[in-house]
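Remarks on the structure that follows.
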Amino acid sequence: MKLLRLAAWAIAIAGVVDPAIALSGASRARLAIVVTQPSSPAAEAARDRLTLDLSASYDIVPQVVSDAAAAIVIGERFPDESVPDAMLVSTVSAPDAVARGVRIVTVRAPSVVPAATLIHLDVDLEASLVAGHTSDVTASIAGLETGRVSHRWTANQERWHASIDAVPVGDPPYVVQVGLQSDTASMASPIAADVAVDVRRTPLRVEFYDPRPSWATTFLRRALEADARFQVSTLSFPSRGVSAQTGGAVPPSDPRLDAFDVVILGGLDRLSAAEGGGLDRYIRVRGGTLVVVPDQRLDAGPALELVPGGLLTERLLEQPATLTVTPPAGSLLASELLVMRTVPPGVDVIARVPDADPAKALPVIVAAPRGRGRVLLSGAMDAWRFRAAERAAFDRFWQSAIAGLALAVVPPVAIGVDPPLIRPGEPGTVTVRLRPGDVTAVSAMIDGDQPVRLLPDPEAGLFRGRFVAKQTPGLSAIEVHVSAAQPLSASHRFVVSARAHRLAANAAPLALLASSHRGIDVSPDRIPELERFVRRAVVGPRARQIRHPMRSAWWMLPFALGLSAEWWLRRRRGLR
């Protein structure tokens with residue numbers, strides 16, 4: 001009886017005091033589900049199903065907004081509204097028949113490349129009713145053909161992804177003309193699309209962070225130090241409490257880490273939770289790239305939380321094998337491997353264990369998006385042992401891979417011009433993207449005499465402005481100055497040309513929107529796969545919330561039960 005009375009009094013006292021409890025957890029992320037116009041019954045049905053299944057976990061909005069964590073676009077072609085470059089976008093697309101012939105759908109090229117570096121082009125083509133014919137894709141600079149690939153079409157409806165490495169010729173910025181030629185006159189006439197590529201004049205900054213010395217990162221560092229494109233810094237701990245630092249390297253908790261394009265992590269078993277949290281912030285918020293280079297099994301610890309997928313299995317080969325790589329990456333040998341049994345959606349496989357059956361080739365080196373940045377995991381733990389094989393293929397592989405990752409990192413001030421090749425007197429749009437920070441003013445000037453008014457976009461850190469190109473063909477430059485606690489400035493060169501070849505606007509299939517925004521594309525019958533990907537990739541930000549548990553009306557039930565039970569027991573015993 002006393003216990004029941006004490007419980008009732010405790011509930012009453014707690015209700016009067018009204019204690020507050022602070023909880024930290026993931027909040028509901030905002031998810032945009034957009035149907036492009038004109039819509040179809042299949043698109044509307046896909047939207048209704050996604051909204052029904054995901055509304056319990058996300059705040060669903062019908063259009064792309066600046067504070068949305070991700071978007072799902074449903075339809076056949078690119079939407080008319082602009083999609084932020086940093087947003088994770090997945091798509092639900094339906095087949096779209098096209099007229100007979102072959103066309104270039106899109107051409108992707110880096111905006112800048114380091115000096116003396118090949119220009120890698122990714123070209124997507126679409127063919128209809130041309131089975132048995134052959135198409136050639138060429139890359140030319142200054143009228144000189146510097147690259148060519150061929151493909152023979154085998155189906156009536158087919159898409160092909162072509163990769164071309166063009167050799168820079170002449171003075172930058174280079175105007176690369178991508179041409180399409182067919183083996184029969186009945187197909188579409190030769191088509192061309194131009195892209196402009198400038199030279200990056202600042203080095204690619206890379207930091208090696210080793211909580212414990214590692215052979216795997218030691219020889220990777222030597223490979224980058226031998227390449228003039230990289231500026232390498234190192235922070236390692238040969239013993240507890242003893243550190244070795246070169247080139248201005250900083251620990252993961254230091255905000256100055258944001259100055260580096262790529263961080264390479266070794267000695268994973270000594271990584272602390274605080275260091276792991278700092279690297280996670282560097283990837284998600286800053287948008288940097290982390291390269292994880294283990295030299296032993298990863299069973300637990302903060303480093304495992306940074307790994308794409310998380311589940312790794314050790315596999316030992318009797319003889320070193322040449323890994324099957326995805327072009328344009330070079331070859332790599334290894335015998336001690338960490339492999340992924342399953343590949344989560346959105347993960348790009350760079351190298352696999354060689355196998356006669358491609359479906360059974362397990363991933364060894366993978367890359368995955370994480371927030372604004374990316375994480376690359378190298379499961380080739382002993383590849384450094386074979387660094388002298390195949391004419392130093394180890395050095396070439398990592399030099400190429402790290403350069404590609406560094407060039408893809410968004411700089412503090414990113415400037416873009418649309419269209420990149422503009423005709424004389426034609427209006428254009430300049431886009432300035434800034435990293436989140438204390439910005440008070442942004443100004444832009446073209447060729448030193450044409451100011452551009454930049455207006456803030458709904459997306460945080462994005463500014464847009466309109467301008468008119470000069471009347472004479474040639475080279476123009478735009479300079480941007482940012483007023484902040486630490487003033488920034490950047491410049492961007494673009495080409496004014498009267499003979500700029502362009503692709504048809506809004507002609508790209510919707511699937512390319514997902515591939516360029518780190519998402520996946522599915523057909524309407526694969527909606528569950530898309531939902532699994534969204535739940536894995538889109539997690540709401542952690543927020544601190546104050547709860548008052550005693551304000552719940554349900555406490556009246558145990559309070560009343562306690563008093564009633566105590567009164568009933570007293571009556572049974574003849575007590576008052």
Side-chain angles (χ1 to χ4, degrees), residues 110 112-118 199-239 242-268 270-271 275-276 278-279 281-283 286-295 303 306 329-330 332 350 365 367 373-378 380-388 391-412:
V112 295
V113 295
T117 301
L118 294 175
V199 169
R200 173 168 172 155
R201 292 167 177 78
T202 57
L204 307 174
R205 297 200 64 190
V206 179
E207 175 178 320
F208 283 81
Y209 184 72
D210 294 304
R212 168 184 58 77
S214 167
W215 287 115
T217 55
T218 296
F219 291 104
L220 200 161
R221 184 182 70 249
R222 292 183 182 180
L224 299 189
E225 289 174 340
D227 192 327
R229 298 175 296 176
F230 298 97
Q231 179 181 330
V232 179
S233 304
T234 304
L235 178 58
S236 62
F237 294 84
S239 180
V242 179
S243 64
Q245 182 183 27
T246 64
V250 295
S253 58
D254 196 317
R256 291 176 295 174
L257 187 70
D258 292 354
F260 293 90
D261 301 307
V262 178
V263 174
I264 300 177
L265 176 65
L268 307 180
R270 294 279 184 89
L271 186 72
E275 293 168 336
L279 292 173
R281 183 211 63 82
Y282 166 79
I283 306 165
R286 187 268 193 229
T289 295
L290 176 68
V291 179
V292 182
V293 187
D295 55 2
L306 300 172
L332 196 68
I350 299 174
I365 302 178
R374 292 182 69 81
V375 178
L376 183 142
L377 168 69
S378 172
M381 295 187 293
D382 68 337
W384 59 272
R385 298 178 184 272
F386 314 103
R387 58 192 179 278
R391 296 177 296 177
F394 175 86
D395 290 5
R396 296 196 306 274
F397 176 89
W398 283 114
Q399 289 168 355
S400 174
I402 301 300
L405 293 171
L407 289 172
V409 173
V410 179

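Between Ala403 and Leu204, the closest heavy-atom pair is CA-CD1, 3.9 Å. Here the shortest heavy-atom pairing between Glu275 and Arg270 reads OE1-O, 3.9 Å. Closest non-hydrogen pair, Leu235 versus Ser243, comes out as CD1-CB, 4.3 Å. Across all their heavy atoms, Pro203 and Gln231 have their closest contact at CG-OE1, 3.3 Å. Summarising the geometry of Asp210 relative to Gly267, their closest heavy-atom pair is OD1-N, 4.2 Å, with the distance given to 0.1 Å. Minimum interatomic distance between Ala367 and Arg374 (heavy atoms only, all atoms of both residues): CB-NH2, 3.4 Å.
Under the 4.5 Å side-chain criterion, counting only non-hydrogen atoms from C-beta, Val291 is not in contact with Val206. Residues Leu265 and Leu290 have side chains in contact (heavy-atom distance under 4.5 Å, counting atoms from C-beta outward). For the pair Val292 and Val375, the minimum side-chain heavy-atom distance is below 4.5 Å. A 4.5 Å side-chain heavy-atom check between Trp215 and Asp295 finds every atom pair outside the cut-off. Counting only heavy atoms from C-beta outward, the side chains of Val293 and Trp384 never approach each other to under 4.5 Å. In this structure the side chain of Ile350 never reaches within 4.5 angstrom of the side chain of Ser378, judged on heavy atoms. Considering only heavy atoms from C-beta on, Leu268 stays 4.5 Å or farther from Leu306 through its side chain. Residues Ser233 and Val250 are not in side-chain contact: their nearest non-hydrogen atoms beyond the backbone lie 4.5 Å or more apart.
In this structure, CG on Asp382 lies 11.5 Å from CZ on Arg387, to the nearest 0.5 angstrom. Of the inter-residue distances, the one linking Leu220 atom CG with Ser214 atom OG reads 9.5 Å to the nearest 0.5 angstrom. Distance OH/Tyr209 to CG/Leu279: 7.5 Å, rounded to 0.5 Å.
With hydrogens and angles disregarded, a donor-acceptor distance shorter than 3.5 Å links the side chain of Arg201 to the backbone of Val199. Remark: the backbone N or O of Thr246 is not paired with any side-chain donor or acceptor of Thr234 at under 3.5 angstrom. A donor-acceptor pair under 3.5 Å links the side-chain atoms of Arg286 to the main chain of Phe260, judged by distance alone.
Salt bridge annotation for Asp258-Arg281: present, with a cationic side-chain nitrogen under 4.0 angstrom from a carboxylate oxygen.
Inspection of the Arg200 and Thr202 side chains reveals an N or O donor paired with an N or O acceptor under 3.5 Å.
Under the salt bridge (Lys or Arg N to Asp or Glu O under 4.0 Å) criterion, Arg229 pairs with Asp227, sequence neighbours left out.
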>> Is there a side-chain contact (heavy atoms from CB on, under 4.5 Å) between Leu332 and Ile365? Walk through the geometry before answering.
In response: CA-CA 11 Å; Leu332 196 68; Ile365 302 178; 3.7 Å; yes
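Classified by interplanar angle (parallel below 30°, tilted 30° to 60°, perpendicular above 60°), the ring pair Trp398/Phe394 is perpendicular.
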